[in-house]
Amino acid sequence: MESGTISLERVGSFDLQSTLESGQSYTWDRADGRMYERPGAVGSTAWYHTVIPRSVVGTEAFVRVRQTDDRLEWESSIDAHDELCALLRLDDDLDAIIESFPEEPALSRALERFDGMRLVRDPPFPTLISFICSAQMRVSRIHQMQRRLAESFGTSVTFDGATYHAFPTPEQLASASESALRSLKLGYRAPYVRESAAMVASGTRDPTDVQNLSYEAARRSLTEFVGVGEKVADCVLLFSLDFLEAVPLDTWIRRAIADRFPDCDRGSYAETSRAIRTRLGDTYAGYAQTYLFHHLRTNETASV
DNA sequence: TATCCAAGGTAAGTT
DNA sequence: AACTTACCTTGGATA
């Protein structure tokens, strides 16, 4: 076992709970089993764990991390320092990003509630699959689906005497039957997951192929996966592939557009996307979207 | 306790 | 190209 700490003094503000429980990542779990049980909560000192895929570091690598005030403590089967900095986007200059946001009451309120929340930089294939699963689903159930996929088809790893499961590889998911996937409560998403996994497994396409395309070309390219429309493509671009300008037009942000930025509703996804992107600040519009999403989704009155 | 509704949408068919 | 409709499942709201 390896372990270490990461001081957050030079990183800037960071909040592990809101980062991992804001509905952007479905690759982590909590040791106490309370993942996504308290929507909108911040500041938890619980241990969170994940298994970094083989495709990233050459072997399935267990990592767990917790936050105590101004530092992160981690334990892992590898030296996980650099991987954690990447996964949790500790390299982002959050002050500069927030500085780029427009003045807007709901956004200001979101920044107050979730001080230190960052985007994640999740591995591409699990992100692709989890957001294919996200269609018409609640956040907690999306997380459950990914847990079931890992336990049913993922490679098991042991750490500190306990067993954990990596997210399935493209090959492992492609060889799952549709009925097996439906039995995991994926519903009509089952064939989408299976077919998109097969596309990656066969080498026909890979989500990382779009990295060097322009943003809109990358979004269009990702929609060639089965079960991936423009919204899911934006989620993969934002939460995994470093396109921080991507603004997923989900039900919450559409509601926000209708209530707060009605001039940005241009009918089509592409045109509305351009308008809201400009309104939220072209470079980091996706960061602003995620603050708004988490705030509106966990705010009972949803007025501010 | 029964029924209804919406949940981080997409694909396929129509106009 | 814009507009419908079907699609699995279930927790929570409503009657």
Side-chain angles (χ1 to χ4, degrees), chain A residues 18-28 35-40 106 110 114 117 119-120 122 126-149 176-197 199 207 216 219-240 243 246-259 265-274 276 280 285-302:
Chain A
S18 56
T19 298
L20 295 185
E21 300 194 51
S22 48
Q24 35 166 339
S25 179
Y26 300 96
T27 64
W28 291 81
M35 192 77 178
Y36 283 121
E37 270 191 17
R38 296 179 56 209
F114 305 118
M117 184 177 82
L119 287 179
V120 294
D122 272 342
T127 306
L128 176 71
I129 298 302
S130 57
F131 280 94
I132 288 173
C133 291
S134 75
Q136 297 293 99
M137 270 293 141
R138 290 187 211 301
V139 163
S140 61
R141 291 199 58 211
I142 301 165
H143 183 255
Q144 283 176 27
M145 289 183 188
Q146 311 316 306
R147 293 289 318 279
R148 285 193 282 259
L149 286 174
S177 69
E178 181 181 327
S179 61
L181 294 173
R182 282 181 182 266
S183 73
L184 300 182
K185 314 299 186 187
L186 266 66
Y188 61 79
R189 305 154 195 81
Y192 300 164
V193 165
R194 182 176 143 79
E195 289 176 41
S196 286
M199 291 168 72
E216 291 195 0
R219 188 179 65 200
R220 185 166 55 252
S221 179
L222 284 179
T223 62
E224 291 178 27
F225 284 106
V226 183
V228 178
E230 292 166 301
K231 186 270 171 185
V232 169
D234 267 332
C235 290
V236 177
L237 292 175
L238 180 60
F239 302 136
S240 181
F243 286 82
V247 178
L249 299 183
D250 58 76
T251 166
W252 290 98
I253 203 71
R254 284 181 182 279
R255 208 169 299 176
I257 289 171
D259 292 347
D265 183 359
R266 307 293 169 85
S268 75
Y269 190 101
E271 291 302 322
T272 302
S273 170
R274 283 181 190 163
I276 193 65
L280 295 179
Y287 239 107
Q289 184 274 0
T290 300
Y291 272 98
L292 281 176
F293 171 84
H294 190 41
H295 172 56
L296 296 174
R297 197 183 72 81
T298 59
N299 188 21
E300 300 208 349
T301 66

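So that the names make sense, note that chain A is the first sequence line, chain B the second, and so on, each numbered from 1. Quick caveat: nothing in here was measured; it's all calculated off a predicted structure.
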Phosphate OP1/OP2 of C:dT10: any A:R141 side-chain N/O under 4.0 Å: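 No, no such contact exists.
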
A:K185 side-chain N/O to C:dT10 phosphate OP1/OP2 under 4.0 Å: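 Checking A:K185 against C:dT10: at least one side-chain N or O falls below 4.0 Å of OP1 or OP2.
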
Between [N] atom [atom2] and [X] atom [atom1], what is the distance in whole Å?
X      : N      : atom1 : atom2 : answer
A:Y188 : C:dT10 : OH    : C1'   : 13 Å
A:Q136 : C:dT9  : CD    : C1'   : 11 Å
A:E230 : C:dA2  : CD    : P     : 11 Å
A:R194 : C:dC8  : CZ    : P     : 16 Å

Chain A contact limits on DNA chain B, taken 5' to 3' with a cut-off of 4.0 angstrom to heavy atoms: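 Span of nucleotides near chain A: B:dA6 to B:dA11.
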
Pairing pattern in dot-bracket form [Watson-Crick, G-U; both distances under 3.5 Å; | = partner strand] for DNA chain C: |||||||.|||||||

Residues forming a side-chain hydrogen bond (donor to acceptor under 3.5 Å, both in side chains) with A:S25, sequence neighbours excluded: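 With neighbours one apart ignored, the set is A:T27, A:D122.
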
Partners passing side-chain hydrogen bond (donor to acceptor under 3.5 Å, both in side chains) against A:R182 (at least two apart in sequence or in another chain):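 Residues passing side-chain hydrogen bond (donor to acceptor under 3.5 Å, both in side chains) with A:R182: A:E178.
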
Most 5' of A:Q144 and A:A135 on DNA chain C, judged by nearest nucleotide: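 By nearest-heavy-atom nucleotide position, the 5'-most residue is A:A135.
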
Set of residues satisfying ring-ring contact (aromatic ring centres under 6.0 Å, His included) with respect to A:F243, sequence neighbours excluded: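 A:F243 satisfies ring-ring contact (aromatic ring centres under 6.0 Å, His included) with no other residue.
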
Check: A:R189 side chain, C:dC7 base, donor-acceptor under 3.5 Å: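 No, no donor-acceptor pair under 3.5 Å.
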
Taking every non-hydrogen atom, the tightest pair across A:V247 and A:Y269: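 Minimum heavy-atom separation between A:V247 and A:Y269: O-OH, 3.7 Å.
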
N/O donor-acceptor pairs under 3.5 Å from side chains in residues 223-233 of chain A, not counting sequence neighbours:
| from | atom 1 | to | atom 2 | distance (Å) |
| --- | --- | --- | --- | --- |
| A:T223 | OG1 | A:R220 | O | 2.6 |
| A:E224 | OE1 | A:R205 | NH1 | 2.9 |

